[in-house]
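Below is one structure, written out as structure tokens; the observations come after it.
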Number of protein chains: 2
Amino acid sequence: MTDLFVPLDDQPAYRQIANVIEQRIVARALHPGDPLPSETDLARQFGVNRSTIREAIRELETHGLLGRVRGEKRLRVTHPEPRRVSSGVSRALALNDVTFLELWEAMMAIEPVAAQYAAARRTAAQLQTLVRVGARFQREVADTTAAVTAVVDFFTAVAAASGNQVLALSQAPLNLLLAPALTRMIDRVPQARARIHDAQVNITDAIRQRRSEQARTWMEKHIRDFKRGHELESTMPEGIL
Amino acid sequence: MTDLFVPLDDQPAYRQIANVIEQRIVARALHPGDPLPSETDLARQFGVNRSTIREAIRELETHGLLGRVRGEKRLRVTHPEPRRVSSGVSRALALNDVTFLELWEAMMAIEPVAAQYAAARRTAAQLQTLVRVGARFQREVADTTAAVTAVVDFFTAVAAASGNQVLALSQAPLNLLLAPALTRMIDRVPQARARIHDAQVNITDAIRQRRSEQARTWMEKHIRDFKRGHELESTMPEGIL
DNA sequence: GGTGGCAAAATTGTCCGACAGTCCGATTAT
DNA sequence: ATAATCGGACTGTCGGACAATTTTGCCACC
């Protein structure tokens with residue numbers, strides 16, 4: 001039934017080295033900001049060639065565990081930024097051909113909850129950001145790209161205000177997937193812009209007044225609108241423009 | 001106020017090459033399974049040294065866009081597997097010191113919804129998996145590690161049965177964070193095992209009978225229990241064992 | 001025609017050595 | 001003390017090399 005043995009894999013040196021360093025970082029033996037020894041020195045310590053070290057470093061760098069501050073030469077220990085990892089997730093999702101419905105269901109699960117906690121926990125600065133992004137949407141209605149960006153930023157701001165990193169990081173990849181779908185939709189559905197603005201105002205108000213339930217239900221309405229908009233857009237004859 | 005210029009960054013060759021190849025893959029010009037030219041050939045095509053190509057490949061490999069099938073030498077185009085991606089996310093979250101409360105809130109947002117859709121859309125095979133994992137938990141109660149794994153697998157199975165890749169991929173990183181917390185809790189709280197088993201049975205039944213609402217509410221109870229368990233565990237005097 | 005076996009060619013993982021460009025630190029000049 | 005200068009250190013990239021292993025082309029054989 002189940003195999004008695006599994007194939008043994010001795011990984012290449014560069015991967016072993018990457019793993020060792022990764023474990024040091026995850027185990028907090030190395031802290032963010034700590035400078036790493038030079039490549040030459042690492043090569044000496046591990047007893048391998050510098051080329052091998054460089055390949056190991058590339059792995060850790062793309063994982064966001066190492067990085068350099070702009071214009072600096074030395075490599076430093078870093079903790080992965082949410083932006084980087086979430087872009088990886090959305091690329092994975094995009095490549096797996098997720099449908100709009102799948103995306104929508106996930107947004108429906110996450111965003112209202114984020115809004116609810118945002119109302120309870122937002123700081124003054126976070127509220128400010130929310131207001132600013134909302135204003136930007138209103139100002140940029142003409143420019144489709146800018147408008148879409150503003151919508152996405154609004155979601156991001158709400159998630160940030162929720163004070164929950166897990167929710168924020170779960171939500172971030174959805175934004176990147178939403179953008180293209182929203183771009184198609186926002187131009188085709190005439191009333192879209194007005195409804196979005198309306199929803200943003202109401203959500204922001206609820207968060208300002210710390211009304212969790214209202215924030216949640218308004219966000220639900222907001223998201224539901226996207227589904228309506230998507231249905232309108234996709235049943236719409238192509239030549240309408 | 002706002003700077004007139006932004007710092008220009010000319011990325012190193014290996015990153016540029018990685019980007020070019022990545023875009024080809026994301027644009028579907030290269031399909032999963034397609035073999036990549038040899039490193040030497042790539043070096044010729046891009047007009048760089050093989051070492052540079054190798055560093056580019058390392059980047060794409062860690063992104064999960066390239067990979068090789070076991071024991072094969074040639075590199076092939078791949079689409080990132082959810083497993084790989086989600087482990088990156090949970091590492092990021094772990095390094096950012098998320099609290100149990102943050103994790104719990106996110107689970108509370110996602111898991112019940114996943115259960116709801118699972119009830120509506122599960123296939124016979126997915127139900128089978130669910131049953132099997134539930135049975136495994138009951139069988140392994142003695143072995144803490146195995147029990148925790150079974151709990152996590154149960155969540156994974158529910159998410160898979162939801163037929164929503166976005167939900168599944170949003171949920172996966174939470175599991176990896178839950179495991180350590182659950183390990184601490186399950187041994188300290190005597191009634192934990194019985195309650196988990198109970199919840200799993202009820203959730204599975206609801207999903208079997210395609211009762212979305214029941215699946216959802218039972219999952220909510222199940223998750224809520226984790227919070228109770230965590231509170232019990234953390235207010236418990238250390239020396240109880 | 002298909003199949004198995006085998007030797008040659010190709011490919012990867014790793015190493016060595018090298019060099020230009022750039023950053024950093026110390027030294028010197030103001 | 002501050003500013004200019006210099007040398008060393010380090011990264012990005014290159015060229016070449018070699019063992020181990022995979023892939024391929026070929027040939028005999030069923």
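In what follows, chains carry the letters A, B, and so on, assigned in the order in which the sequence lines appear, proteins first and then strands, with residues in each chain numbered from 1. Because only heavy atoms are used, hydrogens play no part in the values below, and waters and symmetry mates are left out as well, while side chains stay in.
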Notebook entry, point to check: Roughly, in whole Å, what's the span from CD1 in I57(A) to P in dT11(D)?
Noted result: 7 Å
Note to self: Can you pull out the residues from residues 36-43 of chain A that lie within a 4.0 Å heavy-atom distance of DNA chain C?
What the structure shows: none
Next item on the list: Taking all non-hydrogen atoms of both residues into account, name the closest pair between V85(B) and A92(A) and its distance.
Entry: CG2-CB, 3.8 Å
Item checked: Out of dT13(D), dT21(D), dT14(C), whichever nucleotide has its closest atom nearest the side chain of A13(A) -> dT14(C)
Check: Out of dT22(D), dT14(C), dT13(D), which nucleotide sits closest to the side chain of Y14(B)?
Finding: dT13(D)
Item checked: Closest contact, heavy atoms only, A115(A) versus M219(A) -> CB-CB, 3.9 Å
Check: Are L36(A) and V77(A) close enough that some pair of their side-chain heavy atoms sits under 4.5 Å apart?
Finding: yes
Notebook entry, point to check: If only side-chain N and O atoms of R54(B) are considered, is one of them under 4.0 Å from the OP1 or OP2 phosphate oxygen of dT12(C)?
Noted result: no
Note to self: If you assign R74(A) and Q16(A) each to the DNA chain C nucleotide with the nearest heavy atom, which residue ends up on the more 5' nucleotide?
What the structure shows: Q16(A)
Notebook entry, point to check: Mind checking whether L65(B) and R91(A) have side chains closer than 4.5 Å, heavy atoms only?
Noted result: yes
Checklist line | Under-4.0 Å salt bridge between R58(B) and E61(B) | finding: yes
Notebook entry, point to check: Out of dT11(D), dG13(C), dG15(D), which has the shortest distance to the side chain of K73(A)?
Noted result: dT11(D)
Notebook entry, point to check: R68(B) has a side chain; which of dG13(C), dT23(D), dT13(D) sits nearest to it?
Noted result: dG13(C)
Notebook entry, point to check: Which listed nucleotide (dA18(C), dG15(D), dT11(C)) is nearest to the side chain of R50(A)?
Noted result: dA18(C)
Item checked: Aromatic plane relationship, H222(B) with F154(B) - under 30° parallel, 30 to 60° tilted, over 60° perpendicular -> perpendicular
Note to self: At a heavy-atom distance below 4.0 Å, what parts of residues 17-24 of chain B sit against DNA chain D?
What the structure shows: none
Notebook entry, point to check: Whole Å only: how far is the CG atom of D10(B) from the P atom of dT13(D)?
Noted result: 9 Å
Margin query: Are more than 12 heavy atoms, taken from residues, nucleotides or ligands other than Q45(B), located less than 6.0 Å from that residue's CD atom?
Written below: yes
Item checked: Nearest-0.5 Å distance, CG of residue N175(B) to CE of residue M107(B) -> 6.5 Å
Note to self: Here's a test of your reading of the structure: between G71(B) and V48(B), which maps to the more 5' nucleotide of DNA chain D?
What the structure shows: V48(B)
Next item on the list: Quickly work out the R15(A) CZ to dT14(C) P distance and round it to whole Å.
Entry: 10 Å
Checklist line | T52(B) vs dG12(D): side-chain N/O to OP1/OP2 distance below 4.0 Å | finding: no
Notebook entry, point to check: So with a 6.0 Å cut-off around CZ of R24(B), is the heavy-atom count from everything else above 12?
Noted result: no
Check: How many angstroms lie between atom CD1 of I21(B) and atom CZ of F46(B), to the nearest 0.5 angstrom?
Finding: 4.5 Å
Next item on the list: Answer yes or no: does a side-chain N or O of N49(B) lie under 4.0 Å from OP1 or OP2 of dG15(D)?
Entry: yes
Next item on the list: Mind calculating the distance between CD (E72(A)) and C1' (dT11(D)) to the nearest angstrom?
Entry: 13 Å
Item checked: Rounded distance (Å) that lies between atom P of dT12(C) and atom CG of L66(B) -> 12 Å
